[in-house]
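Each residue takes its place number in the sequence, starting with 1. Please read all numbers here as calculations on a predicted model, not as lab measurements.
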Amino acid sequence: MSKKKVISAAEAAAMVKNGDTFVTTGFVACEMPESISKALEKSFLETGAPRDLTLLYAAAQGNRDGSGADHFAHEGMLKRVIGGHYNMVPELGKLIFDNKVEAYNFPQGTLSQLFRDIAAHKLGTITHVGMNTFADPRVEGGKLNDITKEDLVEVVNIAGEERLLYKAQNIDIAFIRGTFADENGNVTMERECCTNEATSIAQAAKNCGGKVVVQVEQVVQNGTLDPRLVKIPGIYVDAIVVAEHPEDQDQCQGTPGFDPAMTGDVRIPLGELDYPKMSAKKIMGRRAALELEPDKVVNLGIGAPEYISMVANEEGIGDYMTLTVEAGPIGGVPQGGNKFGGSVNVEAIVDQPYQFDFYDGGGADLAFLGLAECDKDGNINVSKFGPRLAGCGGFINITQNAKKVFFIGTFTAGGLKVHVEDGKLVIDQEGKKKKLIDTVEQITFSGEYARKTGQPVMYITERAVFELREDGVYLTEVAPGIDVKTQVLALMDFEPKIPAEGVKTMDERIFKDELMGLKK
């Protein structure tokens, strides 16, 4: 095999031509090829080229600080974007909201699987994921604004059953982040906290006749890399870029350096982790932790669900079940914030498409995800709120297919303040915005689909618990100290059903600032 060219980030950016479709790797603030992305942005700002590009990516890519996909958030640079999550790239979100770029939001797991299908020259990815949600063409087709017209997903009938076809896209160039490359272009990823879909992206770009450029920490001599660690073989790679600044190769943007506990190089005592003080989020994490079961596979979403992992470890039951993250980590303790996507004391890291294969097939026993808006039909919206575009991420894949799903979020938003006193919940300041409303703005989770499949669904807030049943949403529990009429029902836009046995009081252990004794 001939040696691969080592080029500068600027030279990599010059490989992109007007109108190209390009792909970048990344999961929130992890595994982003920042040197190349910066160079591509610099080229456009200085020369006006490349322009009219199509950006295709699976997961959130950015840290709300101009990194990741926000490097491309300039009018004229992008013609179209197809992504799984937008909350970490607010500038790109503004362009989409202002109709400056065509935009689609599809389920993150399905996009990660799409790269494999593109590599295999299939028509696209055929799946049940997204049916009855905003990704369904009978609802919105994943289109995010008025100028987005082309249908990239369609309903197909196979063997008498309806499915969605997410259409394949041609890829001209891919920018991937790795750890080390040898002279032949073989790339390892042992210092990355997740491998995502890097292999599939490289295969897809290569089989489309496109180019593959990989940003790495260092180039090493042939024969020095363990072939079992090579995630991107040199036969897929056209050029290598060595990161031009140390921070461009940080394991997670915003957190300098490298944490070996997120790659399995070391294991840290869990007692070293910081446990949260009592708050609305911890109350929800405690209530949700009561639903944990031994020997189960669990997925935790970003935000409030992160507290479940903290509570479980604080209670000494973190190893009673296996916590997973959609980026690929299995086992250990999932991390939050800019480290979301990684886990400390991780047991295994698989590629993201394989993780979603497992999720799509019902492999997750319990899934705990965020609750931003809930309506009378049990639908959940976490993806779009007026001018703020969050995107669905892996939410649809996970919530549609887990054996049991739990949505976690405060009862109201915008300034809610609470404390516990004498084993009771006290509302110090009510949130300004209702979250349990008549009709959600966008359907990220379909209550109708859940009822069709018989999936158990629970909604957990700091003051009340609800369940989705065949005939609607039921109020099942209320926190001690909370008045049902004035502090629950009066702050909802729909009237929940009440079980025949009445509304129970939430477990009082949740509201005492001491261990709940879950280990017993």
Side-chain angles (χ1 to χ4, degrees), residues 1-26 31-58 61-62 67-83 92 101 115 118-119 168-187 189 196-219 231-245 248-249:
M1 190 188 300
S2 60
K3 293 183 178 181
K4 301 299 178 184
K5 286 184 179 179
V6 178
I7 62 176
S8 68
E11 289 173 313
M15 295 170 67
V16 184
K17 307 304 179 188
N18 292 344
D20 275 357
T21 294
F22 74 110
V23 177
T24 55
T25 58
E31 208 204 330
M32 298 187 296
E34 278 293 284
S35 288
I36 302 173
S37 296
K38 288 177 181 177
L40 198 58
E41 179 182 37
K42 185 172 186 286
S43 173
F44 177 79
L45 293 177
E46 291 181 353
T47 70
R51 61 184 299 110
D52 298 324
L53 304 174
T54 293
L55 169 63
L56 172 63
Y57 67 93
Q61 293 186 6
S67 62
D70 256 354
H71 286 300
F72 319 125
H74 302 286
E75 188 173 350
M77 187 175 185
L78 295 181
K79 174 188 176 183
R80 172 181 289 182
V81 57
I82 305 167
L92 187 55
V101 58
F115 290 118
I118 292 172
Q169 307 295 312
N170 188 71
I171 299 171
D172 297 298
I173 191 163
F175 296 126
I176 299 171
R177 156 82 173 263
T179 301
F180 299 115
D182 68 14
E183 297 164 288
N184 286 343
N186 296 301
V187 177
M189 302 182 72
N196 290 324
E197 61 283 348
T199 304
S200 299
I201 287 173
Q203 289 180 335
K206 182 58 64 174
N207 283 353
C208 283
K211 300 293 185 183
V212 176
V213 181
V214 186
Q215 175 188 309
V216 297
E217 181 179 323
Q218 187 178 353
V219 176
K231 293 296 295 182
I232 306 172
I235 58 173
Y236 304 163
V237 177
D238 292 284
I240 298 294
V241 171
V242 177
E244 297 184 342
H245 306 282
D248 291 348
Q249 200 69 18

So do Leu40 and His71 actually touch side chain to side chain, heavy atoms under 4.5 Å? no

Working to the nearest 0.5 angstrom, can you tell me the gap between His74 NE2 and Leu53 CG? 12.0 Å

Heavy-atom check, side chain of Val187 versus side chain of Ile176, under 4.5 Å: no

Does Ile82 reach the side chain of Leu56, with side-chain heavy atoms less than 4.5 Å apart? yes

Under a 4.0 Å threshold between the charged nitrogen and the carboxylate oxygen, would Asp172 count as salt-bridged to Lys17? no

Quick check: does any side chain N or O of Glu244 sit under 3.5 Å from a backbone N or O of Ser8, one acting as donor and the other as acceptor? no

Side-chain touch Val16/Phe175, heavy atoms, less than 4.5 angstrom: yes

Would you tell me whether Gln215 and Gln249 have side-chain atoms, one donor and one acceptor, within less than 3.5 Å of each other? yes

d(Asn207 CG, Ile171 CD1) to nearest 0.5 Å is 10.0 Å

Thr25 side chain to Glu31 backbone, donor-acceptor under 3.5 Å: yes

Are any of the side-chain heavy atoms of Lys38 and Asp248 separated by less than 4.5 Å? yes

Is the shortest side-chain heavy-atom distance between Ile240 and Val216 below 4.5 Å? yes

Checking Ile235, Asp238, Val237 against Lys206 for side chain to side chain contact (heavy atoms under 4.5 Å, CB included), the one that qualifies is Asp238

Quick check: do Phe115 and Thr199 have side-chain heavy atoms less than 4.5 Å from each other? no

For Ala119 against Ser200, the heavy-atom pair lying closest together: CB-O, 4.5 Å

Is the Phe72 ring parallel, tilted or perpendicular to the Phe22 ring (thresholds 30°, 60°)? perpendicular

Asn196 side, atom CG; Tyr57 side, atom OH - distance, nearest 0.5 Å: 13.5 Å

Using modelled atom types only, decide if a donor and an acceptor are shared between the side chain of Asp182 and the backbone of Asn184 within a distance under 3.5 Å. yes

Side-chain donor/acceptor of Ser37 to backbone N/O of Ala69, under 3.5 Å: no

For Leu55 and Val101: C-alpha separation, side-chain torsions, deciding distance, then whether side-chain contact (heavy atoms from CB on, under 4.5 Å) applies. CA-CA 11 Å; Leu55 169 63; Val101 58; over 6 Å; no

Nearest heavy-atom pair of Val212 and Ala202: which atoms, and what distance? CG2-O, 3.7 Å

Which atom of Glu41 lies closest to which atom of Asp70, heavy atoms considered: OE2-O, 4.3 Å

Distance-minimising heavy-atom pair for Ala168 and Ile118: CB-CG1, 3.9 Å

Hey, are the side chains of Met15 and Ile7 touching, using non-hydrogen atoms and a 4.5 Å cut-off? yes

Donor-acceptor check, side chain of Arg177 to backbone of Met32, threshold 3.5 angstrom: yes or no? yes

In short, Gly178 meets Met189 closest at the heavy-atom pair CA-CG, 4.3 Å

Does the side chain of Thr24 pick up a donor-acceptor pair with the side chain of Gln61 at under 3.5 Å? yes

How long is the straight-line distance from CG of Asp20 back to CZ of Arg51, given to the nearest 0.5 Å? 14.0 Å

Shortest non-hydrogen contact between Ala9 and Ala39, atoms and distance: O-CB, 3.4 Å

